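Accompanying notes for the structure given below.
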2 protein chains.
Amino acid sequence: MNSPVTPARRATIRTVAQAAGVSTATVSYVLSGRSGKAGSPGVSSQTELRVRQAALGLGYRPNQAARTIRTGKSNLMMLSLTMLSDPWSLSVSKAVGAAVADVGITPMILADTDWRTAIRRQGADVVFIDAADQEGDAGLLAELAGSNRLVVFSETLEPNGFDVVRSMAGTTMDQAMDHLTATHTKVAALASTSSLKNARAGRYGAYVRGLERAGLALQDKYVATFDGDELSAYQAAVQLLSQPDPPTAIFATSDFVGIAAIHAAQRLRLSVPEDVAVVGIGNTLQGEAMAPSLTSVGPAGFFDGLARFLVDRAKDPSAPAQVLEFPWQLFVRDSAPGSTH
Amino acid sequence: MNSPVTPARRATIRTVAQAAGVSTATVSYVLSGRSGKAGSPGVSSQTELRVRQAALGLGYRPNQAARTIRTGKSNLMMLSLTMLSDPWSLSVSKAVGAAVADVGITPMILADTDWRTAIRRQGADVVFIDAADQEGDAGLLAELAGSNRLVVFSETLEPNGFDVVRSMAGTTMDQAMDHLTATHTKVAALASTSSLKNARAGRYGAYVRGLERAGLALQDKYVATFDGDELSAYQAAVQLLSQPDPPTAIFATSDFVGIAAIHAAQRLRLSVPEDVAVVGIGNTLQGEAMAPSLTSVGPAGFFDGLARFLVDRAKDPSAPAQVLEFPWQLFVRDSAPGSTH
DNA sequence: ATGAAAGCGCTAACAG
DNA sequence: CTGTTAGCGCTTTCAT
């Protein structure tokens, strides 16, 4: 029974050094794993062993804050994911998780939190921001980029000290609409309330233009809006499909909306795609994995590509800012198989 | 055009001090917001203003790592959530997000990552671990508790330097089974492969015992297993319900499984609860929010209570370790309304 | 009311 | 091969 006079003060590099009978420098060399590396002194395997044993015995664990302050590297990757329950966010998280295996980087998610305030408080080697299309953010981002390596997902922003990840939709949303109008005349849209502001731009705009190209009228009863979460999308879809003369195809402005629409249809005992076809936007893993799998437009190899890019930036935060583009394509799957059936 | 000779070195407390013509101590007092606080010196409002303006002009932002090393507080809360897509995890995240508003704490999620290695690298004022039932973790947790404030969710572990959050299931799972067997004779279970190991323990055990109490036979065809993710659960449910003589009630060992089961039923044009009733376990927000709402057993006020507890611990990491218990109850909702219909 | 100065635990020159 | 030493940016006594 050794009396715990000192209240278990956490072991530091110095404690270890004393126990091993060496200097703190030696301990540092050994424990940060660069004994024999280029440019650094080597340590004899005997002392190395002594140091390791002392560290183990004392339960030594390096103080990350101290290491960070000294090296300027935190080995942290921050992911600001605005809507965590969105399969898009989950796909990002999953891909990143796979990409950081074996690299000494810890990914941490900032969920449903305002990055604008959070980033000021917490640094990271690289921080990914999933939503910053608004004009007002451009200045703030440029400012924050001074002290953090930022990777911003945005269709409109230009790199400015920070990287911009962009998924080049091009005309693929138009393709998706044409895909639907080729076999359907009652095509509905399921759009978030916010996306309606710009009737001819963005995802909803693709719907409007698609109808025009097909010579179909834009009808109020075929445009349903929701508030942002799954339940709201689900309810909007139920409403859309319960009316007399319901649509036979739904253009959903997001994969999670498309998924909700499929669930809603099935709830109403409608078959997908026989009674109602559904396309989503985003090409998420969850859309692909569900049954029936969701036809969607979106970037190919996006999540893995993004994850790799983030890891690269974390390892070399001083690389020049660039744009990373992922061209989109139409992924025809079960929920809207096209004209074959 | 001022020539950027110095490559935009980030402003420190010293830079600010020079610009304002004061000492670093004064800057520290002002900027860490305790000019007039008890025990600390006051700063005249004039100098305070000068300091603030200098800081603003220089775009000064405090270095968290330095602050952490000095104070020992990181203002960080780490949430290790093993299966992020599980509504349980999302509920935790949401509740915590709401609880930290206005408090100076940033919650960060460690998703689908092994906390065993990650915690060694990254510290936080408090870290929540959502899965640690295995015996082997007890020692490791006790060790880690030496340098991190740990809050562990576990039904079996006892506090040992770390807090244990526990939801006292008691006999509520039995109640849930009785709820089903009161009006059904074909009651199926949807359980994860791992939970089957202990046939009479845990959630699956409640199913087995429930059948016994009702005098019903345990039949293989009414026991479906899945692998851990939604898709797998969904497919298992489809299989369960597509067979000849399908069950009329499903006991799902998790809310997300119950949700998947409802989706599967609807896919098969079965009505919930008319054709098949479903109960889940966990009482998550998502189960409550879906349509039809999911009958579930689980703790009352769990997520908000947990969030509050975590915030308390973050603010006072040296509070004595304790057990936090949330007694369960049965929440009868639309997916299994009971004998009234 | 303000400043000087001592570190927190660690890394990285530089000396020996 | 190993030790000495000077800080990283910040907080916090203790003087003034």
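Keep in mind the model is a prediction, meaning the values are calculated, not measured.
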For D/dT4, take OP1 and OP2 only and decide whether either is under 4.0 Å from a side-chain N or O of A/T24.
no
Nearest to the side chain of A/P62, heavy atoms from C-beta on, is which of D/dC10, C/dC10, C/dA5?
C/dC10
Could you give the CG-to-C1' distance, from B/L31 to D/dT12, as a whole number of Å?
16 Å
Atom CD1 of B/I13 and atom P of C/dG3: how far apart are they, to the nearest Å?
12 Å
Which of D/dT11, C/dA1, C/dA4 is nearest the side chain of B/S32? It is D/dT11
Round to the nearest Å and state the distance from B/R67 atom CZ to C/dG7 atom C1'.
17 Å
Separation of C/dC10 P from A/Y29 OH (nearest whole Å)
15 Å
Would you mind reading off the distance between A/N63 atom CG and C/dG7 atom P, rounded to a whole angstrom?
18 Å
Of the nucleotides D/dT4, D/dG9, C/dC10, which one has an atom closest to the side chain of A/A66?
C/dC10
Considering only side-chain heavy atoms of A/R70, which listed nucleotide, D/dG9, C/dG9, D/dT2, is closest?
C/dG9
Please identify each residue that fulfils side chain to side chain donor-acceptor pair (under 3.5 Å) with B/D130, with sequence neighbours left out.
B/T82
If the cut-off is 4.0 Å, is A/T26 near the phosphate of D/dC1, judged by side-chain N/O to OP1 or OP2?
no
Quick one: B/Q18 CD to D/dG9 C1', roughly how many Å, whole number?
14 Å
Return the value, rounded to whole Å, for the distance between atom CZ of A/R14 and atom P of D/dA6.
14 Å
Just wondering, do A/I119 and A/N148 contact through their side chains at under 4.5 Å, heavy atoms?
yes
Are B/D163 and B/R313 packed together at the side-chain level, in the sense that at least one heavy-atom pair is separated by less than 4.5 angstrom?
yes
At their closest point, which heavy atom of A/A55 faces which heavy atom of A/L31, and how far apart are they?
CB-CD2, 4.1 Å
Would you say A/S23 places a side-chain N or O within less than 4.0 Å of OP1 or OP2 belonging to D/dG3?
yes
So, do B/S167 and B/F153 sit near enough that their side-chain heavy atoms are less than 4.5 Å apart?
yes
Taking OP1 and OP2 of C/dT11, is either one under 4.0 Å from a side-chain nitrogen or oxygen of A/S28?
yes
Could you check whether A/T68 gets within reach of a base, just the sugar-phosphate, or nothing at all, counting any heavy atom under 4.0 Å?
nothing
note: B/N75, atom CG; D/dC10, atom C1'; distance rounded to Å ~ 14 Å
